[in-house]
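Quick caveat, the model's predicted, so the values are computed rather than measured.
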Amino acid sequence: MQSRKKTLLPTLILAVLLLNLAVGGLLAFTLAEAKERKEGEVHDMVENMSLLLDLSVTASVEQIDLSLQEIVMQLELAMRDGAGRTPERTDHLLSPHRSRLARLGDLHVTDAEGAILLDRSATPRAPHGHALDDLIAAHRSARDDRFIASRLLADEARGGWVVVFSRGYEDADGALAGLVTATLPAAYFQDRLSGLDLGPGGIALIRDLDMHMVARIPPLDTAEGRIGSRGGSKELVDIVASGVQAQSFYSARTADGIHRINAFRRLSVMPAFVVVGLGEADYLAQWRDDVSKATFLALAFLVVSTLAGWLLWRFISANERASQRSRILLQNASDGIHITDLEGRVIEASDAFCRMLGHPYADLLGMNVSSWDVGQATTTWPQPKGPAPAEAQIRTSETEYRRADGSTLPVEITSYPLELDGRPVVFHSARDISARRKSEEEVRKLAFFDPLTELPNRRLLIQRLGETLSESAGTRVKGALLFIDLDNFKTVNDAAGHYEGDRLLVRVARTLVECVPRNDVVARIGGDEFVVLLARLGTDEGAVTRLADEVARRILNTLATSLGSGDGEYRASASIGVTLFDGEGEESAEAPLVRADVAMFAAKLAGRNTIRFFDPRMQAALSERAELETGLWTALEQRQFFLSYQAQVLASGEVIGLEALLRWRHPQRGLVSPTSFIPLAEETGLIVPIGRWVLETACMQLARWAAEPDRASLPISVNVSARQILDDRFVDDLLEVLTRTGADPGRLKLELTESSLLVDVEAVIGKMNMLKARGIGFSLDDFGTGYSSLAYLKRLPLEQLKIDQSFVRDILDDANDAEIARLVIMLAASLGLVVVAEGVETEAQREYLAGLGCERYQGYLFARPLPIAELEAFLAERDTVAAVAAGRCAGPEVARAGGRPALRAASTASSR
């Protein structure tokens with residue numbers, strides 16, 4: 001024994017050490033992975049921010065170049081016409097662009113030798129000095145007309161720093177006649193950086209290719225951080241020297257001493273680059289906190305595992321001492337053999353007896369017979385007073401044993417006394433008479449228990465509920481019924497198979513049993529539906545409500561933990577309906593179950609993973625929803641749906657397209673709000689046939705207008721839901737509708753929301769490309785409200801982005817909305833897409849959007865959604881207004897109305 005203990009002790013110590021090393025290694029690996037993942041996210045973030053900064057600077061510089069191009073074109077035309085370039089003539093050419101560029105910098109016109117012909121600056125001479133000679137030389141060497149930007153230059157006139165943008169203009173012979181230059185102060189580029197949210201340790205800067213500082217946020221009051229200073233980390237210098245276009249990098253040696261992950265991006269419109277960086281202390285703050293927690297957990301695990309090892313060693317030592325006794329019992333015997341002292345305490349037990357009771361051997365030692373013998377057949381044995389024949393000492397009786405799991409086992413037990421090491425003991429042999437009872441129990445299980453989870457089934461639940469109602473009748477003692485339905489359980493069956501779904505149901509059942517008091521009932525009544533019966537909770541309704549809510553929330557919180565499902569995991573959630581009962585009113589056992597089911601359905605409608613107590617109004621709401629769902633089918637069959645059309649216009653008021661909007665005129669309710677029936681149609685799948693009807697109706701309208709010259713060019717946009725486009729027959733059905741109606745595919749535009757792209761982006765892109773090849777256009781609706789990724793946005797065959805009305809509504813008051821709108825317009829321009837602003841209701845909103853570069857609008861300022869008859873009248877009136885404006889017809893009232901005001905008056909009148 002001693003040699004065995006000497007071998008076990010080092011093994012136990014080694015096991016504890018290896019276990020702690022494994023846990024520590026796992027924590028270290030997890031933390032390293034988390035850090036690497038976070039750093040990867042930051043790399044992506046700064047690269048996107050540098051791209052947006054590049055787009056912002058590029059868009060601004062391109063506006064300057066447009067002005068320079070227009071001046072050059074007018075100068076060259078004037079010189080070819082012989083008008084010359086007199087100061088008065090040149091000043092006349094610059095006048096339209098002076099207000100546009102006045103807030104940015106100075107505007108100059110020179111001759112081919114660099115002499116200033118016209119100076120629109122704050123000082124009487126050009127601020128760029130000798131740099132002008134370099135610009136003239138660069139333009140002379142260029143083979144074609146070029147837009148050239150200088151590096152950062154010292155402004156000798158003002159004592160600051162500037163960047164000069166120039167274009168050359170030619171005389172009538174095609175020779176360089178001079179330059180048109182725009183000079184921007186460095187402060188302009190500082191403003192480009194001011195809108196970025198970089199955190200306490202973040203940085204954004206612009207340097208020219210000679211490493212001179214052009215702009216920086218936050219400003220750094222040191223020599224290295226001042227505008228015009230030359231510097232940069234070694235990593236940045238190496239990247240610039242390599243000539244790459246864009247690259248992310250880590251910098252540890254910075255001017256302000258902050259370690260960062262940065263993104264470098266070379267600007268295409270000027271000899272400069274941008275750098276955006278996020279401070280390491282900012283993005284690793286949470287990770288460092290996790291490191292501290294992991295260290296504490298590792299130390300705690302070391303203490304616990306060491307204590308557990310010590311306890312295990314004590315147990316092994318005790319077991320070794322017990323094994324020193326000779327084994328009297330035949331451990332391979334089929335009967336349950338056990339030896340007790342005269343007081344009924346167990347001294348020894350066979351393996352079969354341990355299995356019979358369901359207790360481990362160590363627990364049985366010292367346990368009294370009364371702990372499991374229900375019939376008390378072998379509790380004690382009287383001390384013998386004299387010798388007696390052996391057969392007189394033998395006792396045989398029948399009793400029941402209580403197992404560790406609470407179940408009972410019928411046994412026949414034979415007992416007789418003997419001596420062990422001079423000590424009187426009693427030898428017992430228990431035999432399982434239970435085959436018949438097992439058979440009866442199996443029949444009962446099949447009748448009253450769910451075979452998968454072994455929980456009570458619906459039949460047994462109704463029986464127990466009826467008994468509980470009878471007991472509580474007259475006493476006013478209340479109970480509660482919880483109806484539990486798993487959320488999105490079908491996903492597990494579809495993704496992992498029904499076998500894994502069944503395994504998950506078993507785990508959920510086990511979890512529910514752990515969450516519910518032992519004396520109450522947990523039942524599975526079918527599929528993924530479970531019911532908890534909480535009986536005898538009390539007489540105070542408030543207290544009973546709180547107790548039921550506490551159990552329900554415990555269930556939700558426990559289910560929220562990760563439950564394994566095959567090779568993946570499933571974070572279960574549930575919708576729980578609760579109702580109280582007290583047995584009053586002689587209601588049937590089914591009544592509380594129906595109420596709880598109604599409450600559960602209300603929890604589903606409230607967004608799932610929540611709890612709802614039954615309220616009589618729920619039944620009314622459920623009935624109304626069922627009536628509305630039935631009404632949707634009727635509306636489709638009886639043609640109660642119709643389309644209204646809202647115009648999309650230019651700033652001039654010209655209608656350039658229409659959006660088809662679904663409306664429902666109910667025979668009793670009148671017009672039903674789309675916000676009421678469209679989400680229900682999405683949920684029930686009715687949106688697919690309804691959406692097919694909308695597409696067919698819109699295509700028929702396009703076909704009718706094809707024969708009308710004034711309407712033939714108008715496109716119609718139709719909203720398509722995610723459920724529609726993911727339907728297997730969507731593409732074939734749409735092409736069949738186009739063929740059958742004869743509509744021009746080029747006049748049909750499908751509007752998708754960002755949310756529809758998040759379901760299965762690859763499948764959506766594939767279907768969009770198939771339809772795009774047939775001429776159908778695409779627009780991205782409600783842009784900016786979802787989670788669009790630049791990575792897949794550029795892959796979509798889009799023609800148009802729509803700025804969501806939520807940004808337009810407060811664009812004059814909310815700087816964030818204004819900035820988002822500006823970035824959407826800029827992004828659309830960079831991708832070659834058209835932008836339409838939704839929800840434009842005031843002239844001030846339209847003017848602000850026009851200033852940002854948005855030229856297409858949709859909203860009540862121009863027209864409300866109109867049924868087809870009113871739309872025809874509206875378009876006809878629009879045509880009349882246009883004809884009057886063109887002088888083709890006369891009409892005093894229309895002529896007085898003018899252009900766009902008359903358009904809006906018509907739309908308002910039609911809407912009434």
Side-chain angles (χ1 to χ4, degrees), residues 453 455 480-496 498 500-517 520 522-534 545-566 568-580 592-615 617-619 621-622 625-626 629 675 678-685 721-723 754-756 758-760 785-787:
T453 62
L455 293 177
L481 205 64
L482 281 61
F483 199 111
I484 303 160
D485 185 270
L486 297 183
D487 295 331
N488 303 314
F489 178 73
K490 184 177 182 296
T491 304
V492 178
N493 279 337
D494 292 344
H498 288 275
E500 293 299 335
D502 287 347
R503 289 183 60 193
L504 181 63
L505 288 174
V506 172
R507 298 196 62 180
V508 170
R510 212 173 289 153
T511 300
L512 293 177
V513 171
E514 293 171 356
C515 292
V516 173
D520 291 312
V522 178
R524 179 188 178 215
I525 62 173
D528 59 340
E529 295 178 339
F530 298 83
V531 173
V532 173
L533 170 61
L534 303 175
T545 301
R546 287 192 295 273
L547 288 173
D549 183 71
E550 179 182 339
V551 174
R553 294 194 182 281
R554 188 186 309 142
I555 290 172
L556 284 187
N557 294 336
T558 307
L559 288 178
T561 59
S562 177
L563 298 176
S565 176
E569 67 174 21
Y570 172 72
R571 293 191 176 274
S573 68
S575 300
I576 302 180
V578 185
T579 187
L580 306 184
L593 195 60
V594 170
R595 296 199 302 269
D597 191 6
V598 170
M600 181 278 293
F601 191 77
K604 289 282 187 189
L605 294 180
R608 307 175 190 268
N609 194 28
T610 189
I611 304 164
R612 286 293 182 270
F613 279 73
F614 176 80
D615 186 309
R617 290 173 294 183
M618 290 180 180
Q619 188 69 53
L622 188 61
R625 185 182 187 278
E629 183 177 345
T675 59
I678 290 182
L680 180 60
E682 289 272 7
E683 181 182 341
T684 59
S721 73
R723 197 152 187 175
E754 289 189 82
S755 60
S756 66
L758 298 178
V759 180
D760 188 348
T785 61
Y787 304 93

Spacing of Arg608 atom CZ and Met600 atom CE [to the nearest 0.5 Å] | 10.0 Å
For Asp549, all residues meeting side chain to side chain donor-acceptor pair (under 3.5 Å), sequence neighbours excluded = Arg553
pair Ile611-Phe613: side-chain heavy atoms closer than 4.5 Å = yes
side-chain contact (heavy atoms from CB on, under 4.5 Å) involving Ala681 - partner list, sequence neighbours excluded = Leu632, Leu686, Ile687, Ile690
Taking atom CZ of Phe489 and atom CG of Leu505, what is their separation to the nearest 0.5 Å?
-> 3.5 Å
Interatomic distance, CG@Leu512 vs OG1@Thr453, rounded to 0.5 Å, equals 9.5 Å
For Ala603 and Thr610, which heavy atoms make the closest approach, and how far apart are they?
-> O-CG2, 3.4 Å
Would you check if Asp520 and Leu533 make a side-chain contact, meaning some heavy-atom pair closer than 4.5 Å?
-> no
Which pair of non-hydrogen atoms, one from Ala574 and one from Ile484, has the smallest distance, and what is that distance?
-> CB-CG2, 3.8 Å
For Arg510, enumerate each residue passing the side-chain contact (heavy atoms from CB on, under 4.5 Å) test, keeping only those at least two apart in sequence or located in another chain.
-> Val506, Glu514
Those residues that, when tested against Asp485, pass salt bridge (Lys or Arg N to Asp or Glu O under 4.0 Å) (two or more places apart) | Lys604
Check: Arg612 and Leu605 side chains under 4.5 Å, non-hydrogen atoms = no
Sequence-distant partners of Asn609, side-chain contact (heavy atoms from CB on, under 4.5 Å), two or more places apart = Asp487, Leu556, Ser573
Taking C-beta and beyond as the side chain, do Leu455 and Val513 meet within less than 4.5 Å on heavy atoms?
-> yes
What are the two closest heavy atoms between Thr579 and Pro592, and how far apart are they?
-> CG2-O, 3.3 Å
Side chains of Leu534 and Val551: closer than 4.5 Å at any heavy-atom pair?
-> yes
Can any side-chain N or O of Arg723 pair as donor or acceptor with the backbone N or O of Glu682 at less than 3.5 Å?
-> yes
Quick one: side chain to side chain donor-acceptor pair (under 3.5 Å) partners of Arg554, sequence neighbours excluded?
-> Glu550
Can you name the closest pair of heavy atoms from Cys515 and Ile555 and give their distance?
-> CB-CG1, 3.8 Å
